[in-house]
Structure formats: structure tokens, C-alpha cells
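Notes follow the structure.
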Amino acid sequence: MNNSILNQVSLNPEQQEAVLHTEGPLLILAGAGSGKTRVLTHRAAYLIEQGVNPWNILAITFTNKAAGEMRERVNQIVGMGSESVWVSTFHSTCVRILRRFIDRLGFDTSFSIYDTDDQKSVMKEVCKKLEIDTKVIKERSLLAAISHAKDELISPAEMELDAGADYYKQRTSAVYKEYQAQLRRNNALDFDDLIMKTVELFQNCPEVLDNYQERFRYIMVDEYQDTNTAQFRLVSLLASKYRNLCVVGDDDQSIYKFRGANIGNILNFEKVFPDTKVIKLEQNYRSTGNILNAANDVIHNNAGRRDKRLWTENEDGAPVHFRQFQNGYEEAEYIIGNIRSHVEKGEAQYRDHAILYRTNAQSRMFEEKLVHANIPYKLIGGVNFYARKEIKDLLAYLKTIENGQDELAVRRIINVPKRGIGATTLSRVGDYAAAEGISFYDALLNAEQIPGIGRGSAKVLPFTVLIQTLRARQEHGSVSELLEAVIEETGYVKELELEDTEEARARIENIDELISKVRDYDDNAEEPSLSGFLEEVALVADIDNLDEESNHVVLMTLHSAKGLEFPYVYMAGMEEGLFPSYMSIMADNPREEIEEERRLCYVGITRAKKELTLTAAKQRMIRGEIQYNKVSRFVREIPEECLDIKTETPGQRSKEEWESRREKRREAFLEARRNLRAKPFETSPVTVTKADHLDYGVGDRVRHLRFGEGTVLEITEGRKDYEVKVEFDTAGVKKLFASFAKLKKC
DNA sequence: GGTTGGAAACTTTTT
DNA sequence: GTTTCCAACC
């Protein structure tokens, strides 16, 4: 074992033990900052070193970002063969499996994936059909009930059985049943279905399960504390043959109960797998002593947890700061000023700072101040790029081309741009489709035969012709060519250009952004395909776009911050009613809910490496109303000896001054949002940075992260970027954008 | 069939 | 304070 991977790196005894324990179930209880990713990646490397085929290793994470990072690190340590290790999220893994085998469950393999908006639209239909007054029972709560059922692998039939005589439950199960029927008709799955259907597939088709059990002989699951029952079942099924299941988690960082995470999965792991080896990683390498003490003392107030206490060899560092302000405005001003002074003094860069808050709504004030101070920032969360109207419209065209059964997509675009097709025509078509037992789109193809449609059929024809033409085009050609054809043929952008408003221009810029995303996909995906692109789009989270390289302050919710670390962390809005949230205090089971909030607080505190600042405001505007909040209980749970407390005195300002500031703030915010709209992935300088020169030329040998080595055939200088044509030794000839491809001369 | 203005609802967190 | 929805108009 002399040349072993183990001798090349320094791992502490527990970490080493975890790496070495390759056979049988393994539970790693990894405290915050204890180097769990390091353990996982080295474990993968060690497995391969021991002769395990990389192809037989599966590593599951929760976000694409985490998967990407793990992939990169495994590549670094392992080198050859590392690309066959399957590193992916739960959802992507399931999609890949379902794309191959879902026909066995009666779906078509070109199924669509519905996002929250789509789910809502379906639910609206369902409620209309079942005559449910959505003012009495909200779509949202029905969807929540269904989602929860799916997390627990409860089918509509089971829910119905369980309902007994309870009218409300009966109603819910009827809605669930109809909702599933509609999804089925659209050949669509929602997020939760992705997991549940895969479990169903494995349970119904032993040969498919066996296939994947053979493939994934070694399984690792990251952030195990956040798995729900369905995900647990999925993993158990896969691991049941070889039993080489390694899960890593921290019960103190379980913050997704609302999304169905079952903390029992981690607390009872040893009961389900009796011969489990348990390893605790309690040494923290991330934070200062003071920060760690604060975290330890806060979390100690929770009752339902495995006992542990993180320790560190790091210095105590600065005390944790607590600042209370008159209002949210002064709070933001202080934080931004603090960040600026760090940067001006040369102590840190913008990207070393993160502002964390409980709710997305709190981001606004910080955005205003950051724009005003001309500080680059990146906002994570809020409205997803792919949820914007213009993007959803164009994607609906692509979905229609890919999956003609997706009625939601067809309905969305049939009259966009305007084709004079209205509600009457649509409902006739819908009736006809139902009567004939065919899909909505197939009914459109037979428009002239539909009774009572009149002139409508003439208006439908150009639409179906368009789709058929585009479908024919899809057969050969890239996804970007297809998207450009859609834009061209529909005149979507042309129409926006004619509008000539600020908003329309922003939309066009978003569409440009979409085009470059598609090109990037065409260039970098292993096997680019329309369904592959749609899937990537459906499964991205905003956090996946956080790029550590670019230099900006990061704004996000405490939830999004899990798994990240920053030298300077600000936790804003440390107030009773905000954090812990009003909802948790008022819940039926406040103790449990507040414990979850406390875990969230623990996650926030442990993100900080060097300095942690907590802030609160005495009065805060919430939904247009001023609230007066007490300081959060979590602040008081931090030991005094590592806390430095200051209450800022209110600044003396006249009423007029406030009024004029208000105006300025409004303007600043509107501008910020314009910028955000224009460049959804980066608020500051530019989206694509065209290098002023490339350090390779035609004929040079270059290396690409995924495609390996190759020879440069051609370099074309474009408006925004260089386009490089490379002949790869193994992957063939590819056209790549220089800024995306990050080619290295070798 | 499309546009517009005013009322209602909304905020906990997300793959 | 902001977004979404729907009714009344064109």
C-alpha cells in the first residue's frame, strides 16, 4: 500500500478508517466542516485502487453543484477511468434510469418533467374537473399533500384506503388520483414522481433492478440526513444485493423536513442495516474556535439528536458579532459598509462574503444597497431563470416537439405568438380529444373534422404545420439549431423587437442567454439531445450556477447555503418571528419546528470560516406593514464569552431626508432588477468574458475537462467569444466556445 | 378574442 | 410592497 492514495494525502484517523471501510454498510456522521467531501472522494479513489471498476461506483448528491464538485475532485485524484464513476443527483439519476425503462410503466420514454408552475396548472384543471372550490381548498395545499404522499411512497389507492370516512382526506385522494391521471395523459412526471416511479419500476421489474444492482455495487450517498422515505427505499433497493452502502450525513444539519426529509433515515440506519460500521467525524477544519463554540451551544438546545460536539485546532479568532439596528435599512447599510471596508483595506475580496437570511423577500434591501454602492453581487434563489415567461414559452415549443402528448406545453404556445385561437376553439378541441380518446395535439391535427370549430380550424393549421416542420428538422441537427429555428419561424424575438420597451429588451436578452445556454449544452454534453437538454433545464437549481471564481458578494437563504463556506458570513434578520419563523412558533408542534429552525441556524453559523456577524432590526417592514420584533432566541443561546454585542443608535434624519432616500432606493432597486433580468447569471460586469487572446493556436494540443486531449483545427473570432474547433482523440470533432470550454494547452 | 385596471393574496425554506 | 388574478371593457 506504499504508493496508495492514502499515503499521498493527510487524513485523520477517523477519515482514514472511513476510506478503508469499503465492504458492507457504513454510516459516517460528519459534522459541519469535518471534511466529508474529502472522505467521499478519497473513498472512491481508494475503491478504484483496490481494483473496483469505476463503472460500479455510484455517488449521489442533492444538487448538481455538489455533484459537479465531487466529479471534479474525483477526476483530480483518480485520473484515468474516473469519468465512468456515476456522480449525480437523486433526480438526474432517476431520470436517466426512467428514460431507458419507463415504458414498462406505461409511459413513453420522451416524458416531460413538470416544474412547480406546471404542477399548479395541472392542479387547476383537476380542481375544475372535480368541482373543487379553490378558495376553500387551495391548490397549493393539495399539491403539498400529494407531494408529501409521494415522498412517503403512498399511492392514490393507498391514500383512499387510509382516508376512511374522513371527507377531506377522501377528497384529497380523489384529487391525487385525477392529478396522476392528468400527468399520465400528458406523458409527464413531476419532481416527486421521478423518485417514486423509479422505485415502482424497481419493484415491478426485478430484471431492471438486478441490472442496476449489478451496475452499482458500491453506493455512496451525501447529505443523507435530507433523504426522504422514497429516496431511502430507492437506495436500499439498489444496495440490497451487494450491501456496500456508505451514507454520509449530519442529523444536526437536517433542514428539509418540510420537503419530506425523514430524519429517521439517519437516526435508525443501524437498525435497518444491523452490521453497520459507524464512524464519527468531529474535528472541524473550517471555522475558528469562537464560531464553533457558538454553533455547538446553539445546537445543544435541541433534544432529538445524536450527541456530539465539534472541536477544532484552529485559533479562537474574533468573537461572533451581534448588531441590532433601528430598521432593516440600517441593517443592510451596516453589512454593506462592513464588506466594503474589508475590501478597501485589502483584507478580503467580495467573494469572501455571504449574506444569509431566512426568507427570499429579505434580499431586496441588500440588493438596493449593493447596487447603490456599486458592489458586484450574485443573488441565489428567487425567480428561476427557466421560470420566466419568455423562456417557458420557448421551452414549451421544444417540449411540444419532443413530447406531443404534453398538452400543457401545447396549450401554452398554441396562441403564442397570437394566432387568433381562443378559449372556444380550445375547449372544442379538448372535447373532441376526450371523445375520440386521442391526445390534444392529435386532435389539432384533425382540426377540420371537429364539429363546431368553424373558422378555428383554418387558424390551427399553420400551428400544426409549424410543429411538424420543426419536428422534421429535429431529426438531424443540434438543439441550438432547433431553438434558433423556433425563434425564427415563430417570430418571437421579432415581435418583442417591435414592442420596443425596456421590458421587451430584457426579455430578448434573456432569450439570448437561453441560446448561449443551449450552445453550451450542445458543445459540452456527452451526447447532446433535445430530451437531454430539457431534462437539464428541468433539474437545475439556482445554486448550481454559483461560481466560486467570479468575484462577487453572495446573497442567499440559509437553506441554499448548506454545503458552502465563506470567510465572512452575515446572518441578517435574527429576530423572533422571522428566524425562528412565525410559522414555526405558531405551529401545532412548535418544539419540533423550532428545532428545525435551530438546525438551520446551526447550518448558517457553521458556514463561517473567519468571522460571523449576526444582525437584527427593531422594526421591520413586512408585507407593507411595520413589525416590531424581539431579538431571536438563537442569539441568546450563544455563550456570552464569545459574543460581542452592540446596539446601534438610530441615525438622526429628518422626514424629508427619509422621503428622498426612499425614492433613491426605489430607483436603485428597479435598476438592479433590470440588470438582473438582463444578466440572470451574473449581475456584475459581463456574462461571457471573451479572452483578449487565447494561449493556444491552430495545430496546438489542448485538454478539455471531459473530452480529454485533442488538436485545434480552427479558431474563429466571434462577436462575444472565440469559437474553437477541436479534434479530440476519443470524442471526435467538436465546436466549442473558448470561455465555456476552458481549454488548456498541453 | 384581447386589453386593462383594480382587488386579492401573499411569504418559509426547494430538488 | 409586489405579484397574480379576474371582471369589465374594447
Side-chain angles (χ1 to χ4, degrees), chain A residues 60-67 88-95 113-117 119-120 124 134-135 138-140 143-144 147 150-151 189-195 223 226-228 230-231 254-261 328 356-365 368 380-384 386-387 389 415-426 455-456 459 535 538-544 556-562 573 577-587 593-594 596-597 599-601 603-604 620-627 662 665-666 669-670 673:
Chain A
I60 298 185
T61 61
F62 269 81
T63 64
N64 297 297
K65 184 179 191 308
S88 158
T89 64
F90 268 106
H91 295 270
S92 310
T93 302
C94 289
V95 172
I113 301 168
Y114 278 3
D115 66 14
T116 326
D117 275 355
Q119 286 179 281
K120 241 191 191 152
K124 251 189 197 155
T134 53
K135 276 177 188 120
K138 293 203 182 70
E139 288 108 326
R140 212 172 18 127
L143 281 168
S147 170
K150 289 180 179 177
D151 289 341
L189 301 181
D190 65 20
F191 285 132
D192 304 309
D193 280 337
L194 295 177
I195 315 285
E223 305 283 10
D226 289 324
T227 51
N228 60 36
Q231 288 161 335
S254 161
I255 53 173
Y256 284 111
K257 206 181 102 208
F258 72 94
R259 209 171 71 186
L356 310 181
Y357 36 78
R358 179 67 239 269
T359 65
N360 277 310
Q362 286 167 262
S363 68
R364 227 197 96 169
M365 199 76 86
E368 284 174 8
I380 306 284
V383 188
N384 188 313
Y386 295 105
K389 184 188 175 298
N415 205 27
V416 178
K418 308 247 177 319
R419 296 185 179 91
I421 302 166
T424 330
T425 308
L426 291 181
R455 287 168 296 140
K459 291 173 177 165
E535 166 185 325
L539 299 178
V540 284
D542 211 13
I543 192 79
D544 299 334
M556 65 186 142
T557 62
L558 287 152
H559 280 89
S560 305
K562 198 180 63 170
L578 229 189
F579 187 37
S581 76
Y582 183 74
M583 300 284 270
S584 66
I585 298 171
M586 290 303 163
E593 298 274 317
I594 285 175
E596 172 124 339
E597 296 279 305
R599 288 193 291 271
L600 190 55
C601 183
V603 167
R620 190 178 289 277
M621 226 12 162
I622 289 167
R623 270 193 266 163
E625 271 177 299
I626 294 175
Q627 277 187 13
R662 224 178 117 119
R665 269 163 52 197
R666 209 186 140 65
F669 179 66
L670 289 175
R673 212 168 48 176

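By convention in this document, chain letters (A, B, ...) are assigned in the order of the sequence lines, proteins followed by strands, and residues within each chain are numbered from 1.
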message: Check this for me, if you would: do D151(A) and R259(A) make a salt bridge, where the nitrogen-to-carboxylate-oxygen distance has to be below 4.0 angstrom?
response: no
- prompt: Which part of the nucleic acid, if any, lies within contact of T116(A), taking any heavy atom under 4.0 Å across all strands shown: a base, the sugar-phosphate backbone alone, or nothing?
  reply: nothing
statement: Testing dT13(B), dG1(C), dT12(B) for proximity to the side chain of S581(A), the answer is dT12(B)
- request: Give, for atom CG of D192(A) and atom OH of Y114(A), the distance between the pair rounded to the nearest 0.5 Å.
  value: 15.5 Å
message: Taking the six-membered ring for Trp, are Y357(A) and H559(A) closer than 6.0 Å centroid to centroid?
response: no
task: May I have the distance from I594(A) (atom CD1) to dT12(B) (atom P), rounded to whole angstrom?
output: 15 Å
- request: Send over the distance from R140(A) CZ to dT14(B) C1', rounded to a whole Å.
  value: 14 Å
query: Whole Å only: how far is the CZ atom of R364(A) from the P atom of dG1(C)?
result: 8 Å
query: Side chain of R259(A): nearest nucleotide among dG2(B), dT15(B), dC10(B)?
result: dT15(B)
query: If you check every side-chain atom of T425(A), which of dG1(B), dT13(B), dT15(B) has the closest atom?
result: dG1(B)
message: Applying the 5.5 Å / 30° rule, does F258(A) stack onto the base of dT13(B)?
response: yes
message: Once you apply a heavy-atom cut-off of 4.0 Å, does F90(A) come out as touching a base, just sugar-phosphate, or nothing?
response: nothing
- request: Would you mind telling me which of dG2(B), dT13(B), dG1(B) lies closest to the side-chain atoms of T359(A)?
  value: dT13(B)
task: Ignoring backbone atoms, establish whether K562(A) has a side-chain N or O less than 4.0 Å from OP1 or OP2 of dT14(B).
output: no
query: Whole-Å distance between dT13(B) P and E223(A) CD?
result: 20 Å
- request: Using only side-chain N and O atoms of K124(A), determine if any of them is under 4.0 Å from OP1 or OP2 of dC5(C).
  value: yes
statement: In whole angstroms, the gap separating P of dT12(B) from CD1 of I380(A) amounts to 22 Å
- prompt: Rounded to whole angstroms, how far apart are CE on M621(A) and P on dT2(C)?
  reply: 9 Å
- prompt: If each of E596(A) and K459(A) is mapped to the nucleotide of DNA chain B with the nearest heavy atom, which maps nearer the 5' terminus, i.e. the 5' end?
  reply: K459(A)
message: Heavy atoms from C-beta onward define the side chain here; which of dG1(C), dT3(B), dT13(B) lies closest to that of K418(A)?
response: dT3(B)
- request: Return the value, rounded to whole Å, for the distance between atom CD of E625(A) and atom C1' of dC10(B).
  value: 12 Å
Position toward the 5' end of DNA chain B (nearest nucleotide), R623(A) or F191(A): R623(A)
message: Counting the atoms with a prime plus P, OP1 and OP2 as sugar-phosphate, which does S584(A) contact under 4.0 Å by heavy atoms, base, sugar-phosphate, or nothing?
response: nothing
query: Rounded to the nearest 0.5 Å, how far apart are CG of L558(A) and CD of E597(A)?
result: 9.0 Å
field: Same-atom distance (P) from dT4(C) to dT13(B), integer angstrom
entry: 14 Å
statement: Closest non-hydrogen atoms of R358(A) and S581(A), given as atom of the first, atom of the second and distance, are NH1-CB, 3.6 Å
- prompt: Is the phosphate of dT11(B), meaning OP1 or OP2, less than 4.0 Å from a side-chain N or O of N360(A)?
  reply: no
- prompt: Taking only N and O in the side chain of N228(A), is any of them less than 4.0 Å away from OP1 or OP2 of dT15(B)?
  reply: no
statement: Looking only at dT15(B), dT13(B), dT11(B), the nucleotide nearest the T557(A) side chain is dT13(B)
- request: Measure from CD1 on I585(A) to P on dT12(B) and round the result to the nearest Å.
  value: 12 Å
task: Name the nucleic acid region contacted by K138(A), choosing base, sugar-phosphate or nothing; use a 4.0 angstrom heavy-atom cut-off, strictly under.
output: sugar-phosphate
- prompt: Can you find a donor-acceptor pair, distance only, under 3.5 Å between R358(A) side chain and dT13(B) base?
  reply: yes
message: Side chains of K150(A) and D193(A), heavy atoms from C-beta outward: is any pair under 4.5 Å?
response: yes
